[in-house]
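Atoms considered below: every heavy atom in the structure, side chains included; atoms not considered: hydrogens, waters and symmetry mates. Just so it is clear, the structure is predicted and the values come from calculations on it, not from any experiment. Per chain, numbering begins at 1; letters A, B, ... match sequence-line order.
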Amino acid sequence: MSKVRTRFAPSPTGYLHIGGLRTALYGYLYAKKQGGDFVLRIEDTDTERYVEGSVQIIYDTLKSSGVIYDEGPDVGGDYGPYIQSERKALYKEYAQKLVELGGAYYCFCDKERIESLKDENGNTRYDKHCLHLSKEEIQKKLDSGVPYVIRQNVPTEGTGTYHDLVYGDISVDYKDIEDGILLKSDGMPTYNFANVIDDHLMGITHVIRGIEYLSSTPKYNLMYDAFGWERPVYIHLPPIMKDAQHKLSKRNGDASYDDFIKKGYYKDSIINYIALLGWSPKSNVEKMTLDELKENFSLDGISKSPSIFDETKMKWLSGEYIKELSFDEFKNLALPFLKESAAFGKFDTDKLLNLVKTRVQIMSEIPEKLEFLTDFNEYDVNLFVNEKQKTSIELAKEILPEIKEVLAGLDEFTNANLFETLVGLSTKLGIKKQALLWIARIAITGRSATAGGATEIAEVLGKEQTISRIDFSLNLLNK
RNA sequence: GGCCCCUUGGUCAAGCGGUUAAGACACCACCCUUUCACGGUGGUAUCAUGGGUUCGAGUCCCGUAGGGGUCACCA
């Protein structure tokens, strides 16, 4: 059996959306799993939809996410060029060949005539008008420069059947397929033609693409057959949805890979998550790095039904990866986000990082988690009331001065030291340490939930600020 | 509208004629705990619907409903 070759063939229309990235990922994973090659081809035959810079975005996204192509416009390969606009001459040649083979024909009909073919639903259906032109007529029109397209000659009867690895046997009656345009009047091929020519010429063995091509595949097969080429294996993928009705699309402002990176998702979690959308591993382990995905990926795990993108689960995955990071790795990734925090520069950086490391799932959560360090204002003193710890406002009033006193006498303001001291105090006062630490934490933060416990926070704040915050809270309590 | 495809908890999903219908996220409870988070334990919750076939159906067949795709000189 020949070497597996898969491809990702996006059109440069502005962005690489999550669905596209997943298609690329599956193609990559399958090729790598089989020891084959993954190629990138740019489908820029629609000059009107071309968006400047989008080719670069495609390169960057694939490289950044680790979906590495063996061949492509910027890395070369033996089957180039890998940009369709640079293959224009090739398509014309094959289109003419297909005409000779009877699989296509010249069409000189103008827009008005096509327009007049509209049916009650507003759909036009070409009537094979030009199929019956004689060789002489065609040559005459060609010579006099009449604009033309080349259309596929689809049989009027019969059924096209093929086997899709995900969806099973698919059959479409030829009478339901129009004689679509293969070569446009500007000489550019349409997708319908170019994908067939290129997939064959580039030796693609497995075509992995979105489900939107499921029912048009029989007409591609017609061409493979007409040329006498071997059909590829087809793997159509279900869509990724934003909700039950709508596909995920950047056009609607849905987040892209890049947006997630900007939000501080751990990189691997994005790939990991989208791999899981529409594919499920054999084992129950869901958290997988790209290398692990490569090992475990198999086409039979791909599902037929659409999946809704759930950012919450991706966040969870990101958090799982972050938890495993060493302090230095975390610091490296977290620093750009920490710098956005008002606390940055005012406190010891490493201490801030430690406060936050086990508490964030995505890096952009860092500033809000540290807000309490710089934002300390009047708060509701009922926070001192905690039923479970049996604390009350009265108790706070009573012991806060004691807490202040022992802390004021402390030289070493370290977590361990503070903890030992305050626990000692609680024993002396005959109250539970949890109660005392609750009161202490509320007094220095004014919040019910904080990243870090009382002594941990006190260490970060330092002696001076800790004492002054206690004073502030005491005033508040006695108001 | 024609044609093609899809339908298991809130979400991702396993299942491929016989299961107490896995697992994960989320949610809830409890435990752990210096609050929160982490971690641990447990829990709530799913086969769209109507007919068949079969001793037996989430699994096979047909219909219905709902949803998606496609019907471009777009991919």
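- Between Lys175(A) and Asp173(A), at least one side-chain N (NZ, or NE/NH1/NH2) sits under 4.0 Å from a carboxylate O, which counts as a salt bridge.
- Going from the C1' atom of U54(B) to that of A22(B) covers 26 Å, rounded to whole Å.
- In terms of position along RNA chain B, the nucleotide closest to Ile302(A) lies nearer the 5' end than the nucleotide closest to the other residue of the pair Ile302(A) and Asn192(A).
- Across all strands shown, Thr45(A) has heavy atoms under 4.0 Å from sugar-phosphate atoms exclusively, and none from any base.
- Considering only side-chain N and O atoms, Ser303(A) lies under 4.0 angstrom from the phosphate OP1 or OP2 of A13(B).
- The interatomic distance linking Asp310(A) (CG) with G9(B) (P) rounds to 15 Å, in whole Å.
- Residue-level contact check: Thr124(A) touches the backbone only, with heavy atoms under 4.0 Å from sugar-phosphate atoms and none from bases.
- Taking side-chain N and O atoms only, Ser280(A) has a distance below 4.0 Å to OP1 or OP2 of A14(B).
- In the set A13(B), G2(B), C6(B), the nucleotide with an atom closest to the side chain of Pro306(A) is C6(B).
- Heavy atoms of Tyr213(A) sit under 4.0 angstrom from at least one base atom.
- The side chain of Pro239(A) has G68(B) as its nearest neighbour among G68(B), G39(B), C12(B).
- Lys313(A) places its NZ atom 14 Å from the P atom of C27(B), with the value rounded to the nearest Å.
- Look at U35(B): it lacks any Watson-Crick or wobble partner with both distances under 3.5 angstrom.
- Pairing for U7(B) is with A65(B), a Watson-Crick or G-U wobble pair whose two hydrogen-bonding atom distances lie under 3.5 Å.
- The side chain of Asn284(A) sits closest to G23(B) out of A75(B), G23(B), A26(B).
- OP1 or OP2 of C6(B) has at least one side-chain nitrogen or oxygen of Lys304(A) nearer than 4.0 Å.
- Distance NE2 (His246(A)) to P (C6(B)): 22 Å, rounded to an integer number of Å.
- Of the candidate nucleotides A24(B), A37(B), A75(B), A37(B) has the atom lying nearest to any side-chain atom of Thr358(A).
- Ranking A75(B), C5(B), C73(B) by closeness to the Ser185(A) side chain, first place goes to C73(B).
- Across the strands present, G1(B) finds its partner in C71(B); the criterion is a Watson-Crick or G-U wobble pair with both atom distances under 3.5 angstrom.
- Comparing the C1' positions of G69(B) and C73(B) gives an interatomic distance of 22 Å, to the nearest angstrom.
- In the set G68(B), C73(B), C4(B), the nucleotide with an atom closest to the side chain of Ile170(A) is C4(B).
- Nucleotide U70(B) holds its C1' atom 13 Å from the OH atom of Tyr191(A), rounded to whole Å.
- Here C5(B) presents its P atom at 16 Å from OH of Tyr234(A), a figure rounded to the nearest Å.
- Each of Thr190(A), Thr45(A), Asp198(A) was checked for a side chain to side chain donor-acceptor pair (under 3.5 Å) with Tyr91(A), and the lone residue meeting it is Asp198(A).
- Side-chain atoms of Asp164(A) come within 3.5 Å of backbone N or O of His236(A) as a donor-acceptor pair.
- Rounded to a whole Å, the CG atom of Leu165(A) is 16 Å from the P atom of C5(B).
- The aromatic rings of Tyr234(A) and Tyr162(A) lie perpendicular to each other, with more than 60° between the two planes, well past the 30° mark.
- Taking atom P in both G39(B) and C25(B), the straight-line distance is 9 Å, to the nearest Å.
- Using a 4.0 Å heavy-atom criterion, one finds that Thr445(A) contacts no nucleic acid atom at all.
- For the pair Lys282(A) and G23(B), the criterion of a side-chain N or O lying under 4.0 Å from OP1 or OP2 is not met.
- Atoms CG (Leu117(A)) and C1' (A72(B)) sit 14 Å apart, rounded to a whole Å.
- Rounded to whole Å, the separation between the C1' atoms of G51(B) and G10(B) comes to 31 Å.
- Residue-level contact check: Leu214(A) touches the backbone only, with heavy atoms under 4.0 Å from sugar-phosphate atoms and none from bases.
- The pair Lys247(A)-Asp254(A) fails the salt-bridge criterion, with no side-chain N (NZ, NE, NH1 or NH2) lying under 4.0 Å from an Asp/Glu carboxylate O.
- Phosphate proximity of A72(B) to Lys111(A): absent, as no side-chain N or O sits under 4.0 Å from OP1 or OP2.
- Side-chain proximity of Lys323(A) to A26(B), C5(B), G39(B): nearest is G39(B).
- Taking atom C1' in both G50(B) and A13(B), the straight-line distance is 27 Å, to the nearest Å.
- Look at the C1' atom in both U11(B) and U44(B): the space between them is 16 Å, to the nearest Å.
- Between Val360(A) and Glu365(A) the shortest heavy-atom distance is CA-OE1, 3.4 Å.
- Using bins of under 30°, 30° to 60° and over 60° for the plane-to-plane angle, the ring pair Phe309(A)/Tyr273(A) lands in the perpendicular bin.
- For the residue pair Phe384(A) and Ala396(A), the shortest heavy atom distance occurs at CD2-CB, 3.6 Å.
- Both distances falling under 3.5 Å, in either a Watson-Crick or a G-U wobble arrangement, occur for no nucleotide opposite G58(B).
- Ile181(A) has its CD1 atom 15 Å from the C1' atom of A75(B), to the nearest Å.
- The gap from the P atom of G23(B) to that of G40(B) amounts to 15 Å, rounded to the nearest Å.
- Residue side chain Glu286(A) reaches the base of G23(B) through a donor-acceptor N/O pair under 3.5 Å, judged by distance alone.
- Distance from the side chain of Glu212(A) is smallest to U70(B) among U70(B), A24(B), G2(B).
- In this structure, of U11(B), A26(B), G69(B), it is U11(B) that holds the atom nearest to the side chain of Ile308(A).
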Exercise for the section: At under 4.0 Å between heavy atoms, which parts of nucleotides 29-36 of chain B does protein reach? Answer with one letter per nucleotide, 5' to 3': B base, S sugar-phosphate only, - none. Expected result: ----BBBB
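- With respect to the salt-bridge test (charged N to carboxylate O, under 4.0 angstrom), the residues Lys323(A) and Glu320(A) qualify.
- The side chain of Gln245(A) lies closest to G67(B), out of A75(B), A14(B), G67(B).
- Using modelled atom types, one side-chain atom of Thr217(A) and one backbone atom of Tyr213(A) make a donor-acceptor pair closer than 3.5 Å.
- Ring geometry for Phe376(A) versus Tyr379(A): interplanar angle of 30 to 60°, hence tilted.
- Comparing C12(B) with C5(B), their P atoms sit 22 Å apart, to the nearest whole Å.
- With a cut-off of 3.5 Å on both pairing distances, A22(B) has no Watson-Crick or G-U wobble partner at all.
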